[in-house]
Each structure stands twice: as structure tokens, then as C-alpha cells.
Amino acid sequence: MEKLILTAAICGAEVTKHHNPNVPYTVEEIANEAKRAYDAGASIIHLHVREDDGTPTQSYERFKACMEAIRSTCHDVIIQPSTGGAAGMTNAERLQPLKLMPEMATLDCGTLNFGGDTIFVNTENTIKEFAKQMNDNNVKPELEVFDRSMINTALYLVKKQFISAPLHFNLVMGVRGGIGGSLDEFNFLVNSLPSGSTFTGSGVGKTQFHVAAMSAITGGHIRVGFEDNIYIRPNELASSNGQLVEKAVLLATNLGRTIASPSEAREILKLKGYK
Ligand code: KMH
Ligand code: ZN
């Protein structure tokens with residue numbers, strides 16, 4: 001099997017210091033959490049940013065400040081901004097980090113319920129618009145699929161030439177409103193991917209390390225981090241994203257995988273935009 005890429009989703013848009021006081025908000029906190037994750041073995045930082053009070057933002061300036069701060073200590077790390085942002089943001093707001101020409105960014109492949117009355121909206125036209133901007137700027141999309149139907153949407157985008165192979169998917173499992181994190185559901189998603197694709201498994205909440213293990217043994221890659229899960233073990237909050245990455249590294253290496261460096265991750269994902 002090829003080397004395993006570890007992504008750290010260090011911040012997210014929904015989780016707060018109220019859930020875990022170690023969730024980063026400020027530029028300094030975000031940079032420090034990225035460094036802890038990088039030192040533990042993460043080669044990709046999936047990045048959301050916040051105002052100092054924790055409010056999620058997609059501001060160009062805030063992304064620029066956070067990306068520069070991360071880059072100053074994690075020189076070769078792959079920074080993957082979110083274009084999902086937070087539910088309720090406009091497309092124009094969400095697209096701002098693409099102006100920073102990242103190597104990768106997320107491309108959310110469908111709409112889903114996000115609890116209560118909240119809907120995370122990604123219409124077909126939105127997805128096409130985001131894909132086109134990524135394509136035009138040489139940004140590799142990580143295709144975020146929260147359910148099986150979103151793989152169909154990704155395949156439709158290929159057919160219509162909005163995106164092209166090799167595709168990289170993030171299987172986000174365990175979001176209420178999306179697919180669960182069971183072995184059957186994992187197999188269903190993985191067996192639905194087009195051949196030649198790469199994938200990362202992201203288990204939300206309790207499923208984080210179950211999905212990590214399933215990804216490790218099936219040749220996939222792993223995402224962990226506060227965006228998806230705040231516990232290191234049941235009832236014990238994680239002290240940092242680094243601690244979650246360390247646990248994922250131990251799990252993957254015990255299952256026979258070797259962890260990819262950022263440059264190896266660039267090879268595996270066929271990234272072109274690194275300067
Ligand atoms: N915060 C969610 C609404 C992404 O990063 O692209 C969207 C999300 C997915 O987290
Ligand atoms: Zn995200």
C-alpha cells in the first residue's frame with residue numbers, strides 16, 4: 001500500500017472552546033495547533049479560520065494571516081483551506097481563500113441537514129462554480145462527500161469536465177444528516193469510488209478512530225482533528241490536535257502503514273501548485 005497521508009482538521013467552524021477549551025481561534029492559536037499536528041505527523045492542515053472571539057469567517061485577510069503564520073513554522077506543510085466555511089455563508093464569502101492560490105481546497109459535493117433548522121447548502125450550480133474556480137486556479141479539489149449520492153455528483157462533474165481524474169475524496173462519516181460510520185457504510189462508499197481515486201476517511205464524533213482504522217487497512221488516508229472530534233478517548237478531552245494526530249499515527253503504523261511526508265503527500269495526490 002502507498003504511504004498514508006494524515007490530515008489535521010484543527011479548528012472547524014462549529015466546535016467551540018465551550019466544547020473543548022483547546023479549540024484554536026486566534027491566529028497564534030491556529031498556528032500553534034497546526035504546528036503540534038505537523039510535528040506529530042500531519043502533512044495536510046485542513047483550515048477554517050475564526051475571529052478572535054471564535055466567530056467563523058472566510059475573510060481573505062484572516063486566511064492570509066493564518067496561512068502565513070502556519071507557513072512560518074511548518075515550512076512544507078500542505079494547507080487546504082475550507083470553501084465550506086460555516087452553514088449560512090454566501091458563495092462569495094466562502095470562495096475568498098481561493099484568492100490565496102492554495103494547492104488544495106475542499107469542494108463540498110452536496111447539501112445536507114446540519115442539525116435543527118440548519119442546512120449546509122451546496123446546489124449543483126454552487127458546486128460547479130466552486131469547481132470551475134478551483135480548476136482555473138490550479139487548486140486541487142478534495143471532494144467532500146457526506147453521503148453516497150455526493151459521489152454521483154462528483155462523477156457528474158467529471159462527465160461535464162468541471163473536475164478531472166485523479167480524484168481525491170474525503171469520506172466524511174458520522175455527521176447527523178449524512179452517512180453513518182459503520183463498516184458496512186464505509187465499504188459502501190469505498191466500493192463506489194471510481195478506480196484510480198485516492199480517499200481520506202474522516203469519522204465525526206465517536207467514529208473518528210473507527211473510520212481511521214478502516215481507512216488504514218484499506219489503503220486510504222486519515223483525517224483527525226477538533227473539527228470532527230474533541231475527545232482523545234471516551235469522556236477525556238484531547239489536549240491538542242497533535243495528540244489526536246499522534247494517536248492516528250500509532251494506529252496506522254501498528255496496522256502496517258507508513259506515514260507520508262508533505263512531499264510524498266504531494267506525489268500521491270498529484271498536487272501541482274506548490275511553490
Ligand atoms: N463547516 C461545514 C458547514 C468543508 O470544510 O468544506 C462545512 C465543512 C466542509 O466543514
Ligand atoms: Zn471543514
Side-chain angles (χ1 to χ4, degrees), residues 6-16 19 23-25 30 33-34 37 42 44-51 54-59 62-63 66-67 70 78-98 100 102-123 126-131 133-134 139-147 150-151 153-154 157 163 167-179 199-205 208 211 221-230 241 244:
L6 256 158
T7 299
I10 59 173
C11 172
E14 290 79 24
V15 70
T16 68
H19 301 112
V23 171
Y25 293 167
I30 284 177
E33 276 303 294
I44 302 179
I45 302 297
H46 168 64
L47 189 62
H48 290 251
V49 300
R50 310 286 187 102
E51 304 293 354
T55 308
T57 175
Q58 288 289 102
S59 144
R62 193 67 167 187
F63 262 100
C66 287
M67 287 169 71
I70 292 171
I78 299 164
I79 302 176
Q80 178 203 81
S82 168
T83 67
M89 288 178 171
T90 65
N91 289 359
E93 266 180 289
R94 287 169 54 182
L95 284 165
Q96 292 176 78
L98 292 189
L100 291 156
E103 294 173 82
M104 290 185 92
T106 56
L107 177 60
D108 293 281
C109 291
T111 294
L112 81 159
N113 279 333
F114 240 56
D117 290 324
T118 308
I119 303 174
F120 179 38
V121 178
N122 294 285
T123 66
T126 291
I127 303 166
K128 285 177 172 169
E129 178 191 351
F130 283 35
Q133 285 215 20
M134 290 184 204
V139 178
K140 170 120 182 178
E142 177 179 87
L143 304 165
E144 309 295 301
V145 300
F146 296 80
D147 216 334
M150 298 189 194
I151 297 174
T153 301
L157 292 182
I163 56 175
L167 304 180
H168 177 64
F169 289 86
N170 182 19
L171 311 178
V172 188
M173 309 184 69
V175 175
R176 206 165 64 244
I179 201 163
F199 73 91
T200 295
S202 299
V204 173
Q208 180 151 90
V211 172
H221 306 284
I222 295 177
R223 174 171 120 172
V224 293
F226 286 154
E227 176 166 348
D228 303 335
N229 164 49
I230 54 173
N241 281 280
L244 293 168

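Being a predicted model, the structure only gives us computed values, none of them experimental. Atoms within each ligand, like the ligands themselves, are counted from 1 in listed order.
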Need one value: angle at the Zn ion (ligand 2), His48 atom NE2 versus Glu227 atom OE2, rounded to 10 degrees.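 It comes to 100°.
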[X] versus [Y], closest heavy-atom pair with distance:
| X | Y | answer |
| --- | --- | --- |
| Asn241 | Ala37 | CB-CB, 4.4 Å |
| Glu33 | Pro24 | CG-CG, 3.7 Å |
| Leu157 | Lys128 | CD2-CG, 3.9 Å |

Check the orientation of Phe120 and Phe114. Use parallel for under 30°, tilted for 30 to 60°, and perpendicular for over 60°. tilted
By ring pair (Phe, Tyr, Trp, His ring centres under 6.0 Å), His46 pairs with (sequence neighbours left out) His48
Option passing side chain to side chain contact (heavy atoms under 4.5 Å, CB included) with Ile127 (candidates Asp108, Leu107, Ile163) =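 Between Ile127 and the candidates, side chain to side chain contact (heavy atoms under 4.5 Å, CB included) is satisfied uniquely by Leu107.
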Within 2.8 Å of the Zn ion (ligand 2), is there any N, O or S atom belonging to Glu144? no
query: Is the shortest heavy-atom distance from the side chain of Val145 to the side chain of Cys109 under 4.5 Å?
result: yes
Inventory of protein N or O atoms under 3.5 Å from ligand 1 N or O:
unit_1	atom_1	unit_2	atom_2	d
ligand 1	1 (N)	Glu14	OE1	3.4
ligand 1	1 (N)	Glu14	OE2	2.8
ligand 1	1 (N)	Gly85	O	2.8
ligand 1	5 (O)	His46	NE2	3.2
ligand 1	5 (O)	His48	NE2	3.1
ligand 1	5 (O)	Ser82	OG	2.7
ligand 1	6 (O)	Ser82	OG	3.4
ligand 1	6 (O)	Gly84	N	3.4
ligand 1	6 (O)	Thr106	OG1	2.7
ligand 1	6 (O)	Asp108	OD1	3.3
ligand 1	6 (O)	Asp108	OD2	2.6
ligand 1	10 (O)	His48	NE2	3.3
ligand 1	10 (O)	Glu227	OE2	2.9

